[in-house]
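Encoded as structure tokens, the structure appears first; notes follow it.
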Amino acid sequence: MSESGGTFDLVVLGGGSGGYAAALRAAELDQSVVLIEKDKLGGTCLHRGCIPTKALLHSAEVADSAKESETFGVKATFEGIDMGAVHKYKDKVVDGLYKGLSGLIKSRKITVVEGEGKLTGKDEVTVDGKVFKGKNVLLATGSKPKTLGLEIDGEKVLTSDQALTMDRVPESAIVLGGGVIGVEFASVWRSYGADVTIVEALKHLVPVEEESSSKLLERAFRKRKIKSELGKPFESVKTTDAGVVVTLEGGKTLEAEVLLVAIGRGPVSEGLGYEEQGVTLDRGFVQVDENLHTGVGNIYAVGDLIPTLQLAHVGFAEGIFVAEHITGQNPPAIDYDGVPRVTYCEPEVASVGLTSEVAKERGHDIVEMNYNLAGNGKSQILQTQGAVKVIAEKDGPVLGVHMVGSRMGELVAEGQLIYNWEALPSEVAQLIHPHPSQSEALGEAHLALAGKPLHVHD
């Protein structure tokens with residue numbers, strides 16, 4: 001590469017999950033690749049999203065284990081949270097993964113350019129005056145927290161970005177938004193000892209999940225003394241010396257030390273030259289076809305920048321898809337229904353496939369089985385409550401798997417194989433699950449759907 005830029009088979013703008021996955025796969029397929037990133041390789045997922053939040057959630061789990069140790073006959077004392085030490089642990093995890101990723105990118109002979117890139121032609125991205133031309137261009141500039149136009153001061157009114165680096169545990173917090181980000185932070189802060197209230201305009205927490213899963217989570221949160229204001233749209237917030245006062249539609253007010261604005265993430269697409277080059281945006285999202293092509297030149301887009309599921313593993317899959325598509329591998333289109341989804345609060349909510357509502361809307365005649373974890377030995381050992389719900393086509397394949405309980409995020413991997421391989425309940429019923437394990441709950445649900453229930457009360 002010359003100092004003035006260069007020409008590559010693939011120019012990738014954005015080094016997050018989608019961008020770096022595309023770069024790695026394209027390099028593997030003998031493409032010359034330049035990866036342009038204004039911040040750090042790994043993007044939101046590694047530095048401000050999945051990895052650091054799950055580190056906080058694990059430290060919260062350890063806190064709960066200490067507080068509840070006597071339930072298991074262990075005498076331990078919980079003396080509080082040392083946020084400095086929590087951040088040290090979290091940052092060590094992130095730094096280790098970042099070094100590993102950087103080394104991997106380097107070993108694949110991918111050119112990495114630090115700086116803010118802009119699409120300046122149908123086949124070029126310019127960074128600090130240097131022009132990088134590509135036979136193919138991939139836009140992967142990701143997302144940022146939505147703010148509802150509220151003033152984020154980083155002290156009393158926060159987004160997840162600031163919440164991740166807070167040097168203290170707030171005594172009380174209002175979480176605006178009952179989706180994944182909101183319930184995960186509510187779960188962490190409650191485990192850390194904060195008084196937490198979630199405000200959600202829709203009538204359920206994690207509203208895109210199966211309704212029975214939402215209800216189980218709401219019940220579990222009530223037991224944990226996490227308060228919820230559901231079906232109550234937010235109206236306004238004002239800061240006071242003590243913190244914040246939040247007003248809900250109808251006039252009800254709530255007071256707390258901090259307000260976390262967790263209403264989702266919006267695409268980073270403004271001022272990057274996309275529209276000037278003819279790329280179509282809708283509410284900031286880049287519009288693409290089933291091949292993730294923008295309709296302009298050889299420009300593709302992936303990840304949180306396009307209106308598909310905002311999940312790191314979806315970004316990975318999309319990046320790999322584009323790399324394979326541009327090299328003539330003819331990859332199959334991504335089935336977004338078949339993507340596993342996990343909310344890592346306590347208890348975890350995990351799912352894959354269709355909800356019963358969507359299945360009915362699509363004309364499926366469905367049967368379903370709800371297996372309560374009360375009948376599962378390992379769940380009783382762990383003292384977790386919840387259920388595994390399986391939805392199937394009548395006399396047909398499994399259409400959806402929906403689970404609530406500790407560690408369900410690990411169990412959804414089997415659920416996605418069942419859904420994506422279009423397994424019949426009778427086929428899964430033949431499989432032997434290890435005992436005692438939580439995976440037996442999945443086996444039991446399929447046994448029941450196959451007409452031979454075992455540990456199921458009528």
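The figures that follow rest on heavy atoms only: side chains count, while hydrogens, waters and symmetry mates do not.
For the atom pair CD1 (I320) and CG (L29), the distance works out to 10.5 Å, reported to the nearest 0.5 Å. Atoms CG and CG, from N420 and D335 in turn, are 6.0 Å apart once rounded to the nearest 0.5 Å. Taking CG from L230 and NZ from K203, the interatomic distance works out to 11.0 Å, rounded to the nearest 0.5 Å.
Taking the ring axis of Y371 as reference, the NZ or CZ atom of K389 does not stay both within 45° of it and closer than 6.0 Å to the ring centre.
Dense packing is recorded around CD of E235, with more than 12 heavy atoms of other residues, nucleotides or ligands lying under 6.0 Å away. Environment of CD in E357: sparse, with no more than 12 heavy atoms of neighbouring residues, nucleotides or ligands closer than 6.0 Å. Atom NZ of K92 sits in a sparse spot, with 12 or fewer heavy atoms from other residues, nucleotides or ligands closer than 6.0 Å. Heavy-atom contacts from other residues, nucleotides or ligands closer than 6.0 Å to CD of E28 number more than 12. Within 6.0 Å of CD in E79 there are 12 or fewer heavy atoms belonging to other residues, nucleotides or ligands. Within 6.0 Å of atom CD in Q385, 12 or fewer heavy atoms from other residues, nucleotides or ligands are found, so the atom counts as exposed in its surroundings. More than 12 heavy atoms of other shown residues, nucleotides or ligands fall within 6.0 angstrom of atom NZ in K54. Atom CD of E410 sits in a sparse spot, with 12 or fewer heavy atoms from other residues, nucleotides or ligands closer than 6.0 Å.
Between Y344 and H58, the distance separating the two ring centers is not shorter than 6.0 angstrom.
Using a distance-only test at 3.5 Å, with no hydrogens or angles considered, no donor-acceptor pair links the side chain of R341 to the main chain of V349. With hydrogens and angles disregarded, no donor-acceptor distance shorter than 3.5 Å links the side chain of S351 to the backbone of H402. Checked by atom type and distance alone, the side chain of D304 never pairs as donor or acceptor with a backbone atom of P267 at under 3.5 Å. No donor-acceptor distance shorter than 3.5 angstrom exists from the side chain of E368 to the backbone of I391, with no hydrogens or angles considered. The main-chain N or O of F285 is found under 3.5 Å from a side-chain atom of Q287 such that the two form a donor-acceptor pair. At least one donor-acceptor pair closer than 3.5 Å links the side chain of R190 to the backbone N or O of A194. No donor-acceptor pair under 3.5 Å is formed between the side chain of Q430 and the backbone N or O of E427. Proximity of a side-chain donor or acceptor of E422 to a complementary backbone N or O of P397 within less than 3.5 Å is not detected. Judged by distance alone, the side chain of E318 and the main-chain N or O of V302 form no donor-acceptor pair under 3.5 Å. In this structure, E184 contributes its side chain and I181 its backbone to no donor-acceptor pair below 3.5 Å.
Taking the side chain as every heavy atom from C-beta outward, D195 and K227 approach each other to under 4.5 Å. Annotation: side chain of Y192 is in contact with side chain of L56 (closest heavy-atom distance under 4.5 Å). Between V261 and L158, the closest side-chain pair of non-hydrogen atoms is not below 4.5 Å.
Across every non-hydrogen atom of D337 and Y419, the tightest pair is CB-OH, 3.3 Å. The heavy-atom pair separating P145 from S160 by the smallest distance is CG-OG, 4.2 Å. The shortest non-hydrogen separation linking L260 to A163 is CD1-CB, 3.9 Å.
Results of the side-chain contact (heavy atoms from CB on, under 4.5 Å) test with L354 over E361, R362, E210 single out R362 as the only residue that passes. The residue from V175, T197, L217, I198 that alone fulfils the side-chain contact (heavy atoms from CB on, under 4.5 Å) condition with S228 is I198. For the side-chain contact (heavy atoms from CB on, under 4.5 Å) criterion with Y274, the lone passing option out of T294, T280, L13 is L13. The one candidate from E346, R224, E61 that meets the side chain to side chain donor-acceptor pair (under 3.5 Å) condition with S191 is R224.
Using a cutoff of 4.0 Å between basic side-chain nitrogens and carboxylate oxygens, R168 and E257 are scored as salt-bridged. A salt bridge between D39 and R48 is present, with a side-chain N of the basic residue lying under 4.0 Å from a carboxylate O of the acidic one.
A donor-acceptor pair shorter than 3.5 Å can be found between the side chains of T159 and Q162. Between T44 and R265, the side chains place a donor N or O and an acceptor N or O closer than 3.5 Å (distance only, hydrogens not considered).
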Practice task
Verify salt bridge (charged side-chain N to carboxylate O under 4.0 Å, His left out) between E324 and R25, making sure each step is shown before the conclusion.
Solution key: CA-CA 7 Å; E324 294 183 349; R25 184 68 181 120; 2.8 Å; yes
